[in-house]
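Working notes, structure below.
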Amino acid sequence: MESRRLRDAFSLSHNLRSLVASPPDRVPPLDGLRALSALWVWAFHALFLRAVFLPPEVMDPVFADPVFAVVLSGDLGVDVFFVMSA
């Protein structure tokens with residue numbers, strides 16, 4: 001039994017099959033919420049990197065925009081992702 005588990009751990013076909021097959025207990029709306037929270041974190045990092053490399057006079061109007069105020073709270077996206085993954 002242990003040798004089969006070891007073989008399956010390094011089997012390309014077994015791992016690819018398990019990568020695309022979703023388990024029966026998955027809830028698609030929760031998967032969508034996880035994806036949105038991951039995108040939220042990605043958007044925060046993208047905006048943060050732009051702020052590092054652009055001068056303040058370019059980024060100040062961006063930070064004043066209410067839409068970007070939501071993006072700047074990207075740490076909440078991490079919380080949502082981990083709560084949904086628990």
Side-chain angles (χ1 to χ4, degrees):
M1 180 66 180
E2 191 65 33
S3 64
R4 180 179 177 156
R5 287 182 57 197
L6 183 63
R7 185 191 68 212
D8 285 346
F10 293 101
S11 168
L12 180 63
S13 64
H14 181 266
N15 289 326
L16 286 177
R17 198 173 321 114
S18 65
L19 183 66
V20 293
S22 63
D25 60 343
R26 298 294 282 218
V27 180
L30 293 181
D31 290 340
L33 191 56
R34 280 188 209 100
L36 287 176
S37 64
L39 286 173
W40 190 4
V41 172
W42 178 84
F44 168 76
H45 283 99
L47 185 64
F48 179 77
L49 285 176
R50 289 195 68 143
V52 168
F53 293 111
L54 291 176
E57 59 269 5
V58 173
M59 291 307 295
D60 285 341
V62 172
F63 290 142
D65 189 357
V67 171
F68 288 106
V70 173
V71 172
L72 288 173
S73 61
D75 58 335
L76 294 175
V78 175
D79 295 340
V80 169
F81 183 83
F82 284 124
V83 166
M84 292 296 116
S85 297

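A quick note: this is a predicted structure, and the numbers were derived from the prediction, not measured.
The distance from atom OG of Ser13 to atom CG of Asp8, rounded to the nearest 0.5 Å, is 8.0 Å.
Under the 4.5 Å side-chain heavy-atom criterion for Ile, Leu, Val, Met, Phe, Trp and Tyr, Leu33 and Val27 are members of the same hydrophobic cluster. When hydrophobic clusters are built by joining Ile, Leu, Val, Met, Phe, Trp and Tyr residues whose side-chain heavy atoms come closer than 4.5 Å, directly or via intermediates, Val83 is grouped together with Leu30. Clustering ILVMFWY residues whenever any of their side-chain heavy atoms sit less than 4.5 angstrom apart, transitively, puts Met59 in a cluster other than the one holding Val52.
The side-chain contact (heavy atoms from CB on, under 4.5 Å) search around Leu36 returns none, not counting sequence neighbours. Shown here are the side-chain contact (heavy atoms from CB on, under 4.5 Å) partners of His45, two or more places apart in sequence or in another chain: Val41.
Checked for salt-bridge contact, Arg34 and Asp31 meet the test: a charged N lies under 4.0 Å from a carboxylate O.
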Which donor-acceptor pairs under 3.5 Å do the side chains of residues 61-82 make with protein atoms, sequence neighbours left out?
from	atom 1	to	atom 2	distance (Å)
Asp65	OD1	Val67	N	3.4
Ser73	OG	Val70	O	2.7

